[in-house]
Amino acid sequence: MPPLLVWYAQGFRGANSTVKHDASQTVPVARVLLLGLLWAGGCQSPFVADDGEQLRRDVIARARAAIDHEAEPGAVGNDIDLRQLGIDPQRIGELDRVSGPGRHRDSAVNPGEGLDGTEPQHVRMTLQQAIMTALRHNLSTEVARIAPQIRDTQITEARGQFDPVAFSEANVGQTDRPQAASALGGVPVEADAIVRDTASVQAGVRSRLYTGGELAISSRVDWIDDKSPGTAFLPDPASTASVGLELTQPLLRDFGEEVNTAQIVLANNAKRRDVLGLEQRLLQLVAETEAAYWELVFARHRLAIQQDLLDETRKTRDELDKRRDVDVNPVQLAQAEREVRANEIALVQARVGLRDASDQLKRLLDSPDLPLMTETLVEPSDFPEELPNGWKLYDAVAVSIQRRPELGQVLIDLEDVGVQRKVADNQRLPRLDLTGQVRTFGLDQTVGESYGDIDDDVIDYLVGLRFERPLNNRAADAVYQRTRLTALAQRVNYRDTARGVILSVKQSMRAMTSAYEVVGIARAARRAAAENLRALREREQMGESLTPEFLLDLKLRTQQRLADAELQEMRALVNYNIARVRFYQAIGTLLDERGIAFEDAARPGRSGLMQQERAAAIDGPADAGERVEP
């Protein structure tokens, strides 16, 4: 019940008026009207939205019916039996020590001079530090963060339509006009002129109700000083004070909370939609940041491999050059020199790739402590892992239907259509409005005395109904039909969007599974190449003749093949880690997988800073990373 009504119902009593009427008939009617006003002003009806949860359950049920969940295979390994390649399994440890990703993990690399001609500066950074820095500073997410705040103002604007409004009015006037006087037996009984000074003041508060009506409570004072010749009034001057309650309440069209608060519901839904859009943008940012981080790891590994290969090629060339006058001809020397120059070109390209990968990550970080304009390099301190995939297709699909933000946005769109349909349905009704007024009066010579004379037995009331209906209701019927068709389209849109989500989940899961398999194949190929080079070096140590053909055709080619195999294995490992990121992005749980609470990521203020401080306690500074000497 609105507070003004409570105040009026509980305590509005005045002193006895100097003017008395027989109100034995009017008082019960007035009180019944007052109760009706209080009911109409205070009643509310709950809003019932479309149940989008049923659509969600239907999609998940279809997936369960199509997928034999129990028959899905679990996680499998990707190791290849080396005995198939003719390699003694006892040598695996030795081959992995002299080759493979671990050999170059901590290798020093020389990226060369930057564009500004300075020596390279490095900032060491973990993957978690990179992600948290991007979440805090990335400029592309700022617009997405501002959007829900804009919606807050729209929600406040919609709610503000129901705020009470104070109003007042004051008038001062003078009347001085002649009039025909009545006479009785030739003697005038009325003045032949009206001469009066008047003033009136009215003030009150009115408010729009959630039920669609408008309620107003007001007080009015009218002051009259009659100066008409030949007449006298008591009291003179006279003050009339009154307090009244007015209500206009639709009973059919425009009635009900769900109709009149529709704009509030729509504004709230718009904010929810923007929040889901922000979550979607954060998922994309984390995925892009992690992919850029692993690409930087690969670029650094590629440069380390290329440095080692160039060193080995130069050593072989120098061995051939020492035998220039023995058994090495100029053609063979030129061939060895060509190999060196080709690897030098590859080294330059690897340096460029490293700096490009570092800049790409810096662009995503947008950290003021690591400006994109500088030539400072980000040095990754984390290494890609080879964690097997334990997800089953049905589980992944079910989680994605629950978690993907775009599906939530479609359900909110469906809720909006439900709100609009209920409003449109209400607008098809005829208009039947109840109007009611209750006013009590007091009369005396002064304003204060007239207020003191107000009595609830002296009451005017007025009750009315106003009816209206279009003879042909085509416009309202058309709007309602449009909302029904729009709701049907939104349901179809949800199923279509869900199909797209399922497709992306399957594709990302397939990419992750195949990438995991490729890691095993690439590792076996690298081990085979390492075994080939080991056997070749063993032949050298046993005193085999180091002919130019041996050095050129065997050693150089074997070194190149091992470098290529190492690069392919690292590429496969990085691709697998990126594929895992894309998979978790596809099912909508990437933030959870990285230990990031969406609420904190959406507000990178105090909560975000606490997370970064926690990360800094483990891994070092969260923003700029750890600067290391070149």
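Just so we're clear, the structure is a prediction, and the values are computed from it rather than from any experiment.
Minimum interatomic distance between L276 and Q409 (heavy atoms only, all atoms of both residues): CD1-N, 3.5 Å. Residues R495 and L55 come closest through the heavy atom pair NH2-CD2, 3.5 Å. Pairing each heavy atom of V479 with each of A424, the nearest pair is CG1-CB, 3.8 Å. Closest approach of T289 to A130, counting heavy atoms only: CG2-O, 3.8 Å. The two residues A63 and V397 have their closest heavy-atom pair at CB-CG1, 3.9 Å. Of all the heavy atoms in S218 and F167, the pair that sits closest is CB-CZ, 3.9 Å.
In R484, the CZ atom is not crowded: 12 or fewer heavy atoms of neighbouring residues, nucleotides or ligands sit closer than 6.0 Å. Under a cut-off of 6.0 angstrom, the local environment of CD in Q54 is crowded, with over 12 non-hydrogen atoms contributed by other residues, nucleotides or ligands. By the neighbour-count criterion of 12 heavy atoms within 6.0 Å, atom CG of L115 is sparsely surrounded, having that number or fewer from other residues, nucleotides or ligands. For R499, the CZ atom sits in a loose shell: 12 or fewer heavy atoms of surrounding residues, nucleotides or ligands are nearer than 6.0 Å. By the neighbour-count criterion of 12 heavy atoms within 6.0 Å, atom CZ of R428 is densely surrounded, having more than that number from other residues, nucleotides or ligands.
Residues L209 and E214 form no side-chain contact, since every pair of their non-hydrogen atoms from C-beta on lies 4.5 Å or further apart. Between T513 and N389 the shortest side-chain heavy-atom distance falls below 4.5 Å. Within the 4.5 Å cutoff, the side chain of T248 has no heavy atoms near those of the L434 side chain. Between R159 and T261, every side-chain heavy-atom pair lies at or beyond the 4.5 Å cut-off. Counting heavy atoms from C-beta outward, T211 and Q249 have side chains that approach closer than 4.5 Å. Annotation: side chain of Y494 is in contact with side chain of L411 (closest heavy-atom distance under 4.5 Å). Counting heavy atoms from C-beta on, the side chains of V518 and N575 never come closer than 4.5 Å. Contact check for Y516 versus E386: side-chain heavy atoms found under the 4.5 Å cut-off.
Counting only distance, with no hydrogens or angles, the side chain of T126 and the backbone of Q129 share a donor-acceptor pair below 3.5 Å. Put simply, the side chain of N260 gets close to the backbone of D254: a donor and an acceptor are under 3.5 Å apart. Here the side chain of Q161 pairs no donor or acceptor atom with the backbone of A158 at under 3.5 angstrom. Proximity of a side-chain donor or acceptor of K362 to a complementary backbone N or O of M373 within less than 3.5 Å is not detected. No donor-acceptor distance shorter than 3.5 angstrom exists from the side chain of N493 to the backbone of A489, with no hydrogens or angles considered.
Between the CG atom of L252 and the CD atom of Q427 there is a distance of 11.5 Å, given to the nearest 0.5 Å. S207 contributes atom OG, which lies 12.0 Å from atom CD1 of I217 (distance to the nearest 0.5 angstrom). The CD1 atom of I155 sits 12.0 Å away from atom CD of Q263, with the distance rounded to the nearest 0.5 Å. From H137, atom NE2 reaches atom CE of M132 across 10.0 Å, with rounding to the nearest 0.5 Å. Distance check, rounded to the nearest 0.5 Å: CG of L365 to CD of Q360 gives 10.0 Å. Separation of atoms CG (L364) and CG (N138) is listed at 6.5 Å; rounding is to 0.5 Å.
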Report task. Go through the steps to decide whether V286 and L135 satisfy the test side chain to side chain contact (heavy atoms under 4.5 Å, CB included), and finish with yes or no. Result -> CA-CA 8 Å; V286 172; L135 288 175; 3.9 Å; yes
Query raised in the report: Can you check side chain to side chain donor-acceptor pair (under 3.5 Å) on T497 and E406, steps first, answer last?
Result: CA-CA 8 Å; T497 305; E406 53 266 55; over 6 Å; no
**Report entry** Intermediate values then yes/no, side chain to side chain contact (heavy atoms under 4.5 Å, CB included), H122 and V378
**Finding:** CA-CA 6 Å; H122 300 267; V378 178; over 6 Å; no
Report task. Verify salt bridge (Lys or Arg N to Asp or Glu O under 4.0 Å) between R208 and D163, making sure each step is shown before the conclusion. Result -> CA-CA 7 Å; R208 181 183 170 191; D163 290 347; over 6 Å; no
Requested in this report: Output, in order, the C-alpha distance, side-chain angles, deciding distance and verdict of side chain to side chain donor-acceptor pair (under 3.5 Å) for R220 and S242.
Outcome: CA-CA 5 Å; R220 181 183 178 93; S242 66; 5.9 Å; no
Query - side chain to side chain donor-acceptor pair (under 3.5 Å) between S140 and R281, worked out - result: CA-CA 9 Å; S140 65; R281 175 62 194 127; 2.4 Å; yes
**Report entry** Stepwise side chain to side chain contact (heavy atoms under 4.5 Å, CB included) test for R466 and T435
**Finding:** CA-CA 8 Å; R466 182 172 64 246; T435 59; 4.2 Å; yes
Requested in this report: Go through the steps for T141 and R145 under the test side chain to side chain donor-acceptor pair (under 3.5 Å), then give the verdict.
Outcome: CA-CA 6 Å; T141 62; R145 285 194 177 98; 2.8 Å; yes
**Report entry** Worked check of side chain to side chain contact (heavy atoms under 4.5 Å, CB included) between L245 and L215
**Finding:** CA-CA 7 Å; L245 190 67; L215 179 68; 3.9 Å; yes
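The existence of a salt bridge linking D274 and K271 is excluded, since no basic side-chain nitrogen approaches an acidic carboxylate oxygen closer than 4.0 Å. Salt-bridge formation is detected for the pair R273/D416: a Lys NZ or Arg NE/NH1/NH2 atom is positioned less than 4.0 Å from an Asp or Glu carboxylate oxygen. Under 4.0 Å is where a charged nitrogen must lie from a carboxylate oxygen, and between R136 and D366 no such pair does. Comment: E290 engages R594 in a salt bridge, judged by a side-chain N to carboxylate O separation of less than 4.0 angstrom. At a threshold of 4.0 Å, the pair R124-E379 counts as salt-bridged, since one of the basic side-chain nitrogens sits closer than that to a carboxylate oxygen. E375 and R355 are joined by a salt bridge, as a carboxylate oxygen and a charged side-chain nitrogen come within less than 4.0 angstrom of each other.
A cation-pi geometry, defined here as NZ or CZ lying under 6.0 Å from the six-membered ring centre and within 45° of its normal, does not hold between R431 and F467. A cation-pi arrangement is present between R571 and F298, with the terminal nitrogen or guanidinium carbon under 6.0 Å from the aromatic centre and inside a 45° cone about the axis.
Under 3.5 Å, the side chains of S168 and Q202 contain no donor-acceptor pair of N or O atoms. Using modelled atom types and a 3.5 Å distance limit, the side chains of S504 and R404 yield a donor-acceptor pair. Between the side chains of Q284 and E288, a donor-acceptor pair is found at a separation under 3.5 Å.
When each of V501, I401, V505 is paired with I587, the side chain to side chain contact (heavy atoms under 4.5 Å, CB included) condition holds for V505 and for no other. For the side chain to side chain contact (heavy atoms under 4.5 Å, CB included) with R253, the lone residue among L432, D433, N426, V259 that qualifies is N426. Considering R272, R421, K422 in turn, R272 is the only one that fulfils the salt bridge (Lys or Arg N to Asp or Glu O under 4.0 Å) rule with E415.
Using cut-offs of 30° and 60° on the angle between ring planes, the pair W391 and Y584 is perpendicular.
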